[in-house]
Amino acid sequence: MSPEDPKLSQLDPRRMDKRDAALTTDQGVLVEDTDNTLRAGPRGPSLLEDFHFREKLMRFDHERIPERVVHARGSAAHGYFQPYGDALAPYTTARFLTDASVRTPTFTRFSTVQGSRGSTDTPRDVRGFATKFYTDQGNFDLVGNNMPVFFIQDGIKFPDVIHAVKPEPHHEMPQAASAHETFWDFVSLQPETLHHVMWLMSDRAIPRSYRTMQGFGVNTYRLVNADGRATFVKWHWTPAAGVHSLVWDEAQKISGKDPDFNRRDLWESIEAGAFPEYELGVQLIAEDQEFAFEGVDLLDDTKLIPEELVPVTPVGRMVLDRNPDNFFAETEQVAFCVSNLVPGIDFSDDPMLHARAFSYLDTQLTRLGGPNFQQIPINQPVAPVTNHQQDGFHQHQIPVGQANYHPNSLGGGCPYVPGADGGAFVHTPERVDGVKARKRSETFADHYSQPTLFWNSMSAWEKEHIIAAFKFELGKVNAMHVRETMVGHLNRIDHALAVAVAAGVGVVAPTDRHANHGRVSPALSQAARPGGGSIAGRKVAALVADGVAAASLETTRAALTGAGAVVELLAPTDGAVTTASGDPLAVDHAMNTTGSVLYDAVIVADGVAGLVNDGFAVHFVAEAYKHAKPLAVLGTGDTVVEAARLPVFEASDRATEPASKPMAGALDGVLFVAPGADADAAFLDGFIDAIARHRHYDRPVDGIAA
């Protein structure tokens, strides 16, 4: 955290430290007793004159504000953005993008879309990625998602798609889930949704953490330079930790084990100093190249420009280095508005962008009680605010002077209008001409080419996961005609995809084949974004028990901790276990209070053969292996692996002999240390590399009962 951070300095006077402070009323009156109401005798009626009781209950009754209609469940962090250099200077006058000496304070909120504020963190859903830049030219809000395309092309359809995906109105079920009748009915009748739905059925919809998901501005903006020349821009956030996801079975189990999984991960990572970091990149398209990309209209948010056609240029990085002091005051009250622009950034004619510019501001007026919501500390710009706006709910300023209008002479003409030469925001001049009509451009009409591009670009394991997701989701739909219509749409994306899904949802497979154009964009695959090899912030479970051989375990733990990972020792019971040498070894958790789904990798320690008879431990290992997680087997810990019936041993193998590889991929991400031996450098380097790779999806896991 920069000590010169102007936003944090602005917030400092607003922070209330209650240590060593006496309890008072809201009027500053010291309180005698806050445990008993004022009564007429110990058993008599309560008295209305008890102003402390009335104030305390009134404030409690009004603690909640309306939750967001979408993006209700969120988590946030303070940070800073710093450009790498002045590469964008020819394109924009926005100083926070062009001056490498400036660290711009930021506040970033991540969220799910569908669920209520009390829902779980890990449903299959779009994730919001919204960043408020507190620039010296005013606030700029980059409000995006973790997917580069959206469900719809026109904002007038936004209420429809959200109504369809939300819990059904007659019984308010299901919560935070797209696997239900109304959503798929809408999708089946609105083929413009198909590209986004392909992303939603991919693992992008179940990110491992907020630290490991991309962010996209989705809409097309303009950058505007000092000469007034505009350039179209698409915004991209790329996590330094790589783009990694959960397995669907794992995501469902996490919802029960720890519904705050992503929220906890973000908070604990920042507290531990493993600060999440993201690179901001841009795709720049000259205005005369607006129609240069076949099948892509820049104003259509259901399309993307493949990075192979327009590379993403890295322009800066954001680091999240401070957790909020108060969830309500900051995370819940932060108000992102797409209409918050600064000089050098402007709208395009993207119809979804125009709808969002209206909708976000309109939403904040309701949620936060009126037009002065920008005076709430977390929303307040660090740039000076002087204007003639006045009154309204929750006005915190005390304007002085006689004149509150423009022009005026009684106030010296102030605040004066600085004009374009004074650094004011200037809307990009653009000729607008057309016949009023409720009609979309014909260039928006292709709804199948880009879903096919996405499908073609996936790795084999990603395709398997997409097929499984469609089977699960459509399998929850009772209306067979909806299933049939969806399979028909999928057939226009890819015949093999449609046939596989049809087989899983009881629909007759289509016989006709629509031609697959064969184009690919490798950048769309998560496999293309493994990260820089760091394991900072990864959580590793080590299974221990009485008799554990401490040497290889401690060597492994030290190496992982030194690389930034968090290693927790799990035993059948809480407290401590006794090592083979008779020493106590403190454990972090009892196994039955946690689960493999909460960890990124597992170590089975040497000397824990007794865990063979512990069903929870055996299941822990099997489940982690099935979810493609790295596994370190120290010495006689291999007996637990054998009990889990993992396909890493031949029937003839013994613990004292080298393991063979009976099936392709069975040993991917699995490393062994011989009984009684310490972990050597090759083992440690191999295990760290296996964790950095995140998952090992080529394992044969269908036969594992977990």
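These values consider heavy atoms only, across backbone and side chains, with no hydrogens, waters or symmetry-generated copies.
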From the list Leu284, Thr313, Thr231, side chain to side chain contact (heavy atoms under 4.5 Å, CB included) with Leu88 holds only for Leu284

Identify the heavy atoms of [X] and [Y] that sit nearest to each other, and give their distance.
X      : Y      : value
Val102 : Pro83  : O-CD, 3.6 Å
Thr452 : Asn516 : CG2-OD1, 3.4 Å
Arg538 : Asp600 : CA-OD2, 3.4 Å
Leu543 : Ala617 : CD1-O, 4.1 Å
Ala622 : Ala706 : C-CB, 3.9 Å
Gly215 : Phe129 : CA-CD1, 3.6 Å

Under 3.5 Å donor-acceptor, [X] side chain and [Y] backbone:
X      : Y      : result
Asp494 : Ala496 : yes
Gln82  : Arg103 : no
Arg557 : Ala542 : no
Lys303 : Leu298 : no
Asp301 : Phe150 : no
Arg211 : Pro239 : no
Lys626 : Ile704 : yes
Asp86  : Ala89  : no
Asn323 : Trp267 : yes
Arg68  : Val113 : no

Contact check, side chains of [X] and [Y], non-hydrogen atoms, under 4.5 Å:
X      : Y      : result
Gln450 : Leu304 : yes
Arg204 : Arg127 : no
His627 : Tyr599 : no
Val673 : Val633 : no
Glu623 : Val597 : yes
Arg695 : His244 : no
His517 : Asn456 : yes
Glu464 : Tyr697 : no

Can you tell me how far apart [atom1] ([X]) and [atom2] ([Y]) are? Round to the nearest 0.5 Å.
X      : Y      : atom1 : atom2 : value
Phe96  : Ile345 : CZ    : CD1   : 4.0 Å
Met591 : Leu569 : CE    : CG    : 11.0 Å
Lys539 : Ile691 : NZ    : CD1   : 13.5 Å
Thr131 : Phe107 : OG1   : CZ    : 10.5 Å
Arg109 : Ser75  : CZ    : OG    : 8.0 Å
Ile206 : Leu200 : CD1   : CG    : 10.0 Å

How are the rings of [X] and [Y] set to each other: parallel, tilted or perpendicular (split at 30° and 60°)?
X      : Y      : value
Phe151 : His196 : tilted
Tyr278 : Trp237 : perpendicular
Phe140 : Tyr221 : perpendicular

Using the ring of Phe336 (Phe, Tyr or Trp, six-membered ring only), decide whether Lys132 places NZ or CZ under 6.0 Å from its centre and within 45 degrees of its axis. yes

Would Arg699 count as a cation-pi partner of Tyr625, with NZ or CZ less than 6.0 Å from the six-membered ring centre and within 45° of the ring normal? yes

Could [X] and [Y] be called an ion pair, given the rule that one side-chain N must be under 4.0 Å from one carboxylate O?
X      : Y      : value
Arg208 : Asp265 : yes
Asp350 : Arg222 : no
Glu307 : Arg529 : yes
Arg322 : Glu330 : no
Glu250 : Lys253 : no
Arg73  : Asp121 : yes

Does the side chain of [X] pick up a donor-acceptor pair with the side chain of [Y] at under 3.5 Å?
X      : Y      : result
Glu279 : Thr238 : no
Ser525 : Ser457 : no
Glu473 : Ser178 : yes
Lys234 : Thr220 : yes

Check the pair His71, Asn145 against side-chain contact (heavy atoms from CB on, under 4.5 Å), reporting the backbone distance first and the verdict last. CA-CA 10 Å; His71 299 277; Asn145 292 329; 3.7 Å; yes

Output, in order, the C-alpha distance, side-chain angles, deciding distance and verdict of side-chain contact (heavy atoms from CB on, under 4.5 Å) for Tyr80 and Thr104. CA-CA 5 Å; Tyr80 64 85; Thr104 298; over 6 Å; no

Please lay out, stage by stage, how Leu246 and Asp203 fare under the test side-chain contact (heavy atoms from CB on, under 4.5 Å). CA-CA 7 Å; Leu246 300 170; Asp203 289 355; over 6 Å; no

Just list the side-chain donor-acceptor pairs under 3.5 Å for residues 677-685, sequence neighbours left out, or say none.
from	atom 1	to	atom 2	distance (Å)
Asp678	OD1	Thr555	OG1	2.8
Asp678	OD2	Thr555	OG1	3.1
Asp680	OD1	Ala682	N	3.3
Asp680	OD1	Phe683	N	2.8

If you apply the rule side-chain contact (heavy atoms from CB on, under 4.5 Å), what do you find for Leu280 with Leu97, and how did you get there? CA-CA 10 Å; Leu280 181 64; Leu97 290 173; 4.1 Å; yes

Using side-chain contact (heavy atoms from CB on, under 4.5 Å) as the criterion, list what pairs up with Arg693, not counting sequence neighbours. Asp689, His696

The criterion is side-chain contact (heavy atoms from CB on, under 4.5 Å); which residues satisfy it with Pro451, sequence neighbours excluded? Leu194, His195, Met198, Ile493

If you count every heavy atom of other residues, nucleotides or ligands that lies below 6.0 Å from Phe261 atom CZ, does the total exceed 12? yes

